[in-house]
Amino acid sequence: MTTAPAAIDLSAIDAIDFHVHALRPDTPGVENEKSRVQREDQARRWKSDLVNITLDETAAYYRERRMAAVIFPVDSERHLGDSMVPNTDVTAAAARHPDVLIPFASVDPLRPGAVEQAEDLLANHGVRGFKFHASVQDFAPDDPAAYRLYEVIAAHRSIALFHSGQTGIGRTSPGGGGVRLKHSNPMLLDDIAVDFPELTLVIAHPSFPWQAEALAVARHKQNVFIDLSGWSPKYFEDQLVQHANTMIPDKVLFGSDFPVLTPDRWLADFAERDFRDSVRPGILKDNAARILGLA
């Protein structure tokens, strides 16, 4: 569990979006051509210019909606060759907007100097957790080579957020662009939960085609949670809703996948789905506030 950032006032927000992407860097000249083209393609496919939103504009977007946002880049440069929004751009934006932005970082575990970079981000830049996308970073989450990085994150009582399930990245490229879906099976997080019981793990997304595996791990391991990002709630499998209503109501977190899926769309569909009234406050805010150390 992380230490609470004092500027987050829970009474001033109605929800915590646990899954917000930083896609546009503040630092001039760091975005390469591949990343720029990717953002243009996302804007066309999703018919939205929100993929070009700045970090400051993201803060304003969430403040207007009385929400806080867990925001992060993704470090996939080693495997995919795209550039990432610098972690320090995200932490600097969170320092400017501490009332709404909660900064997570992304460090490829197989990148040289990954451990030292993580230690610096935790000690000197106010990072609250780390986002991993093993399929686009091309590593198995339970690979012992990644364990030294997990040790650092666990030592700081920080959070590790792992993409799970299918991804749209590489879908239109030959061979899926080299993206291996097997690395995003949530069952691969079970060993990590055992070996690092002090590390809070969050399984991102409804984990298709491994929804049952994600629910099993979250139900069995006290330190594992699930965020509901990336899918409209209207498409959630019934077993996910059932578990949220009964067996793991304290383990489920609201997440949108902004800017690709907006919180407005997600919340509108959430209101129509058969979640019990008693579990909705936990999903929207209370569960996230607890694991972030805000409550």
Side-chain angles (χ1 to χ4, degrees), residues 15-65 67-77 79-94 96-97 100-106 108 130-133 135-137 161 163-173 176-179 184 204-206 208 227-233 235 254-269:
I16 298 173
D17 187 338
F18 215 88
H19 205 104
V20 176
H21 287 270
L23 298 181
R24 181 175 171 180
D26 285 339
T27 301
V30 300
E31 185 176 49
N32 64 19
E33 180 67 9
K34 183 172 184 178
S35 291
R36 186 186 63 77
V37 170
Q38 282 176 342
R39 278 199 296 116
E40 291 176 352
D41 178 63
Q42 287 174 324
R44 284 192 299 269
R45 284 193 292 117
W46 292 94
K47 298 179 176 60
S48 172
D49 192 50
L50 279 175
V51 296
N52 296 309
I53 195 170
T54 67
L55 293 167
D56 288 335
E57 289 167 346
T58 300
Y61 181 97
Y62 276 88
R63 188 177 294 114
E64 180 182 348
R65 287 159 175 78
M67 297 181 194
V70 171
I71 186 167
F72 48 78
V74 175
D75 179 8
S76 54
E77 181 180 17
H79 184 52
L80 297 186
D82 54 347
S83 57
M84 69 178 288
V85 173
N87 287 311
T88 50
D89 279 9
V90 174
T91 58
R96 293 193 300 272
H97 306 283
V100 289
L101 296 185
I102 302 168
F104 276 34
S106 183
D108 177 353
F130 288 80
K131 168 65 187 293
F132 297 97
H133 194 318
S135 290
V136 302
Q137 293 173 315
L161 170 65
H163 172 91
S164 73
Q166 194 180 36
T167 177
I169 299 171
R171 181 179 58 85
T172 60
S173 301
V179 174
S184 292
H205 314 311
F208 174 82
D227 91 30
L228 300 175
S229 64
W231 292 61
S232 161
Y235 301 119
F254 159 49
S256 67
D257 214 10
F258 183 85
V260 174
L261 179 61
T262 67
D264 296 351
R265 162 74 187 280
W266 194 97
L267 289 169
D269 292 344

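Leu161 CG to Phe132 CZ: the interatomic distance, rounded to the nearest 0.5 Å, is 9.5 Å. Taking CG from Asp56 and NE2 from His97, the interatomic distance works out to 3.5 Å, rounded to the nearest 0.5 Å. Note: Lys34 NZ to Glu77 CD = 10.5 Å, rounded to the nearest 0.5 Å.
Listed by chain and number, the residues in a salt bridge (Lys or Arg N to Asp or Glu O under 4.0 Å) with Asp108 are Arg78 (sequence neighbours excluded). Residues passing the salt bridge (Lys or Arg N to Asp or Glu O under 4.0 Å) test with Arg24, sequence neighbours excluded: none. Every residue was checked against the side chain to side chain donor-acceptor pair (under 3.5 Å) condition with Ser173, not counting sequence neighbours, and none meets it. Every residue meeting the side chain to side chain donor-acceptor pair (under 3.5 Å) condition with Glu31, not counting sequence neighbours, appears here in chain and number order: Arg39. For Arg265, the salt bridge (Lys or Arg N to Asp or Glu O under 4.0 Å) criterion is met by Asp269, not counting sequence neighbours. Applying the side chain to side chain contact (heavy atoms under 4.5 Å, CB included) test to His79 and every residue at least two apart in sequence or in another chain returns Asp138.
Across every non-hydrogen atom of Ser135 and Val179, the tightest pair is CB-CG1, 3.6 Å. Pairing each heavy atom of Ser76 with each of Val136, the nearest pair is CB-O, 3.6 Å. Heavy-atom minimum distance, Pro259 versus Leu50: CB-O, 3.5 Å. The two residues Leu55 and Ala22 make their nearest non-hydrogen contact at CD2-CB, 3.7 Å.
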query: Do Lys131 and His163 pass the side-chain contact (heavy atoms from CB on, under 4.5 Å) test, and can you show the C-alpha distance, the side-chain angles, and the key distance before you say yes or no?
result: CA-CA 8 Å; Lys131 168 65 187 293; His163 172 91; 4.1 Å; yes
- prompt: Which is it for Asp257 and His21 under the side-chain contact (heavy atoms from CB on, under 4.5 Å) test, yes or no, and what are the steps along the way?
  reply: CA-CA 7 Å; Asp257 214 10; His21 287 270; 2.9 Å; yes
message: Test side-chain contact (heavy atoms from CB on, under 4.5 Å) on Ser229 and Leu261; report intermediate values, then the result.
response: CA-CA 8 Å; Ser229 64; Leu261 179 61; over 6 Å; no
message: Please evaluate residues Ser184 and His205 with respect to the criterion side-chain contact (heavy atoms from CB on, under 4.5 Å), reporting the C-alpha separation (whole Å), side-chain torsions for both, the decisive distance (0.1 Å), and the verdict.
response: CA-CA 11 Å; Ser184 292; His205 314 311; over 6 Å; no
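Ring planes of Phe72 and His19: perpendicular class, angle over 60° (limits at 30 and 60°).
With a 4.5 Å cut-off on side-chain heavy atoms, Arg65 and Asp264 count as touching. Contact annotation: the side chain of Tyr62 never approaches that of Ile71 to less than 4.5 Å [non-hydrogen atoms, C-beta and beyond]. Asp227 places none of its side-chain heavy atoms less than 4.5 Å from the side chain of Val70. Within the 4.5 Å cutoff, no side-chain heavy atoms of Val30 are placed close to those of Ser83. Met67 is listed as a side-chain neighbour of Leu267, based on a closest heavy-atom distance under 4.5 Å. Residues Pro263 and Tyr61 are in side-chain contact: their nearest non-hydrogen atoms beyond the backbone lie under 4.5 Å apart. For the pair His133/Thr167, a side-chain contact is recorded, criterion being any heavy-atom separation below 4.5 Å from C-beta on. Contact annotation: the side chain of Pro86 never approaches that of Pro73 to less than 4.5 Å [non-hydrogen atoms, C-beta and beyond].
Counted by atom type alone, Asp26 and Thr54 present zero donor-acceptor pairs between their side chains at under 3.5 Å.
With hydrogens and angles ignored, the 3.5 Å screen pairs no side-chain donor or acceptor of Trp266 with any backbone N or O of Phe254. Although no hydrogens or angles enter the test, the distance criterion places a donor-acceptor pair under 3.5 Å between the side chain of Asn87 and the main chain of Ser106.
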